[in-house]
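A note on names: the letters A, B, ... follow the listed sequences, proteins ahead of strands, and every chain is numbered from 1.
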There are 2 protein chains.
Amino acid sequence: MAANLTTVVKSEKKELRVTRDTGVSIIGERINPTGRKVMQAELREGRFDMVRRDAVAQIAAGAAILDINAGLPGADEPALMIQIIEEVRGATDDFPICIDSPKTETLEAALSYYCKNGARPLVNSVSAETKRLREVLPLIKQYGCSVIGLCSGDGGIPKTAEQRFEYAALIIEEAAKLGIPAEDIVIDPLVLTLGTEWKAGKMVLDSVRRIVDEFGVNITMGASNISFGMPDRENLTAFFMAMCVEAGLSCPICNPMKKHEVVALRAADLVMGRDKGGMKWIKGFRAMQNA
Amino acid sequence: MAANLTTVVKSEKKELRVTRDTGVSIIGERINPTGRKVMQAELREGRFDMVRRDAVAQIAAGAAILDINAGLPGADEPALMIQIIEEVRGATDDFPICIDSPKTETLEAALSYYCKNGARPLVNSVSAETKRLREVLPLIKQYGCSVIGLCSGDGGIPKTAEQRFEYAALIIEEAAKLGIPAEDIVIDPLVLTLGTEWKAGKMVLDSVRRIVDEFGVNITMGASNISFGMPDRENLTAFFMAMCVEAGLSCPICNPMKKHEVVALRAADLVMGRDKGGMKWIKGFRAMQNA
């Protein structure tokens with residue numbers, strides 16, 4: 001069994017060490033205009049009030065990293081990404097971030113702007129697709145940062161745990177060829193929905209456990225997809241997340257304003273023996289009572 | 001990795017097959033006068049209204065086996081146990097049961113009364129203590145039933161996963177010497193409380209996973225002990241239970257009237273790929289909405 005690796009995510013002012021050894025780190029997903037009409041309208045007017053509020057609120061709710069996505073249809077995405085990053089840094093005294101775009105040019109512009117004075121963001125994301133590996137990994141190497149590797153490839157999203165493992169291994173190997181260490185790869189097994197793929201949960205648990213056993217890398221996922229189309233989504237997602245932590249999930253990307261998910265992650269850390277004396281659990285409970 | 005074993009628990013009329021392959025079976029814990037003043041008072045008056053109501057209500061809430069404990073201070077326990085069993089059989093059309101007593105004479109009397117026409121209860125419990133092994137296992141062999149094996153021994157309740165595994169192995173070996181197969185042993189790792197033993201959760205997860213890997217036996221536990229003395233017990237217990245199912249828990253002993261625990265177990269079965277099409281999840285959600 002591989003030792004737990006540590007992924008270091010840094011802004012100029014702050015450093016976060018992501019590792020299963022000390023517990024779960026939440027990547028806050030809210031700074032993303034996709035499907036958010038008010039945020040879209042604000043961004044079109046050059047306003048960032050909601051971005052700034054969401055940044056501060058997510059940190060207060062327990063986020064350890066802020067994901068930033070600038071996917072606004074019709075916008076100049078590289079320029080908008082840099083603007084949003086700047087606003088988030090200002091609102092949060094330079095909190096660690098994750099730069100999130102499917103477009104290589106956006107990642108390149110944002111990294112070139114951000115990676116100064118030791119700042120090393122997490123990048124979201126590369127996959128095992130030949131084109132993405134070729135475009136994104138050299139940027140990760142050039143800027144010395146870390147990257148989320150999605151377990152999909154030229155054949156799309158796999159339907160087995162085995163092939164998810166193969167894609168994770170391929171990303172880690174291709175990164176290694178460029179001199180990027182495994183600790184800078186955070187694997188996302190890709191969560192399908194139980195509503196259409198009733199073995200989706202087991203597929204994730206099995207692939208995560210095997211990837212962690214073999215490589216010790218950190219694991220992220222957008223867990224809420226598991227419950228899409230099912231009743232009582234809140235409970236189903238939360239129990240799934242706790243079970244995934246048991247299997248090796250270390251830095252879920254989620255909305256920390258959803259209290260039940262945060263409670264699930266805190267409970268999982270406590271059960272896994274990473275919350276000495278239950279102090280985080282007790283403190284979290286009191287904070288929610290007073291909120 | 002050992003294959004999942006099946007423990008068969010039978011009344012004269014009904015058969016239950018406990019196995020991880022098909023999902024969690026709840027052992028309902030409510031028929032127990034310990035700490036229940038109203039039930040104690042009724043039993044002293046020779047009334048069984050609450051026993052009968054609890055039996056029916058637990059089955060409606062999802063219990064697959066009913067635990068029956070007759071531990072009433074000052075009572076003739078063997079006689080009371082037989083009376084309660086008779087009442088439960090009558091109220092539930094002979095639902096499968098678990099006969100629960102620390103006293104060998106009570107177990108012996110109850111088994112002698114109950115084990116006719118193919119009825120095979122689960123027995124709660126034996127441990128790895130020399131005296132218990134010597135007294136209880138021959139009864140299990142004689143009556144051809146199954147038994148819960150507690151991971152404690154002459155040295156008390158162990159503080160490590162390793163020693164829990166050793167005690168489980170010892171019980172399974174001693175049973176085998178008498179010709180009792182491993183499928184008739186249900187292991188209880190013994191859950192300590194996080195409030196006083198902050199690695200209690202990890203200890204259980206690690207021991208369960210190792211015992212299941214090695215022997216494939218069914219696993220029970222009184223999970224709620226994990227949260228004793230902690231705030232937000234309901235959530236902590238429920239998330240712990242879901243994580244334990246991931247590790248191998250198959251037949252928790254709990255109160256099925258606690259809805260959050262039942263939801264946790266259903267979610268865990270769904271996530272583990274044991275609820276095809278999510279039908280049990282959807283049905284359970286609708287039943288709770290209509291309750």
- prompt: Around B:K14, counting heavy atoms of other residues, nucleotides and ligands shown, do more than 12 lie under 6.0 Å from its NZ?
  reply: yes
Do the side chains of [Y] and [X] get nearer than 4.5 Å, heavy atoms only?
| X | Y | result |
| --- | --- | --- |
| B:L270 | A:F240 | no |
| A:M272 | B:M243 | yes |
| B:V271 | A:L236 | yes |
| B:V263 | A:F239 | yes |
| B:D232 | A:W281 | yes |

Check each atom of [X] against the heavy atoms of chain A and say whether the ones under 4.5 Å are side chain, backbone, both or neither.
| X | result |
| --- | --- |
| B:I282 | both |
| B:D206 | neither |
| B:A238 | both |

task: Would you mind checking which part of A:L205 comes under 4.5 Å of any heavy atom in chain B, side chain (CB onward), backbone (N, CA, C, O), both or neither?
output: side chain
Heavy-atom contact with chain B under 4.5 Å, split by part of A:A200: neither
What residue, out of [options], has the most heavy-atom pairs lying under 4.5 Å from chain A?
| options | value |
| --- | --- |
| B:R286, B:M288, B:M230, B:M241 | B:M230 |
| B:E197, B:H260, B:K199 | B:H260 |
| B:G277, B:C244, B:A264 | B:A264 |

- prompt: Can you name the closest pair of heavy atoms from B:P231 and A:F285 and give their distance?
  reply: CB-CD2, 3.3 Å
query: Which of residues 157-173 of chain B get closer than 4.5 angstrom to chain A, counting heavy atoms alone?
result: none
message: Do the side chains of A:R209 and B:E246 get close enough for a salt bridge, i.e. N-O under 4.0 angstrom?
response: yes
